[in-house]
Amino acid sequence: ANENFSVEIEALTLVMDQYKKDNGVEIELDLQNKKPNYMALKQDECNATVKVTEKTGLEIVNTESFDVNVCKKEVNKIIN
């Protein structure tokens with residue numbers, strides 16, 4: 001992996017792992033319908049914001065944001 005993007009990659013990995021656990025069986029059943037898109041924005045050497053957008057076709061059905069601290073391996077959901 002490119003060192004310039006290591007914080008973003010680690011943040012995405014942490015959120016993806018958390019997302020699978022939270023949604024459990026539901027994500028497997030809906031996988032053919034809902035397609036999650038992940039985007040990470042680096043804040044500093046330890047922190048990033050990750051946005052997860054679920055789409056069915058062109059329709060956005062759900063968007064969630066997470067503050068991620070890769071140094072502490074913490075994922076906190078941002079409540080809007």
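- Hydrophobic clustering of Ile, Leu, Val, Met, Phe, Trp and Tyr side chains at less than 4.5 Å, counting indirect connections, keeps Val52 apart from Ile78.
- Contact record, Val70 with Glu45: CG2-O, 4.1 Å, taken as the closest heavy-atom pair.
- Leu41 belongs to a hydrophobic cluster whose other members, connected by ILVMFWY side-chain contacts under 4.5 Å either directly or through intermediates, are Met39.
- The side chain to side chain donor-acceptor pair (under 3.5 Å) test applied to Gln43 returns Thr49, not counting sequence neighbours.
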Would you be so kind as to tabulate the donor-acceptor pairs closer than 3.5 Å made by side chains of residues 61-68, with sequence neighbours excluded?
{"unit_1": "Asn62", "atom_1": "ND2", "unit_2": "Glu64", "atom_2": "OE2", "d": "3.4"}
{"unit_1": "Glu64", "atom_1": "OE2", "unit_2": "Lys77", "atom_2": "NZ", "d": "3.3"}

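- Smallest separation of non-hydrogen atoms from Asn47 and Val7: O-CG1, 3.9 Å.
- Between atom CG of residue Leu12 and atom NZ of residue Lys51 there is a gap of 13.5 Å, rounded to the nearest 0.5 Å.
- Under the rule for a salt bridge (charged side-chain N to carboxylate O under 4.0 Å, His left out), Glu59 has no partner lying at least two apart in sequence or in another chain.
- Under a 4.5 Å side-chain heavy-atom criterion applied to ILVMFWY residues, the cluster that includes Leu58 comprises that residue alone.
- Applying the side chain to side chain donor-acceptor pair (under 3.5 Å) rule to Lys73 yields the partners Glu10; only residues at least two apart in sequence or on another chain are considered.
- Judged as a disulfide (SG to SG under 2.5 Å), the pairs with a partner in residues 42-80 (not counting sequence neighbours) are, in order, Cys46-Cys71.
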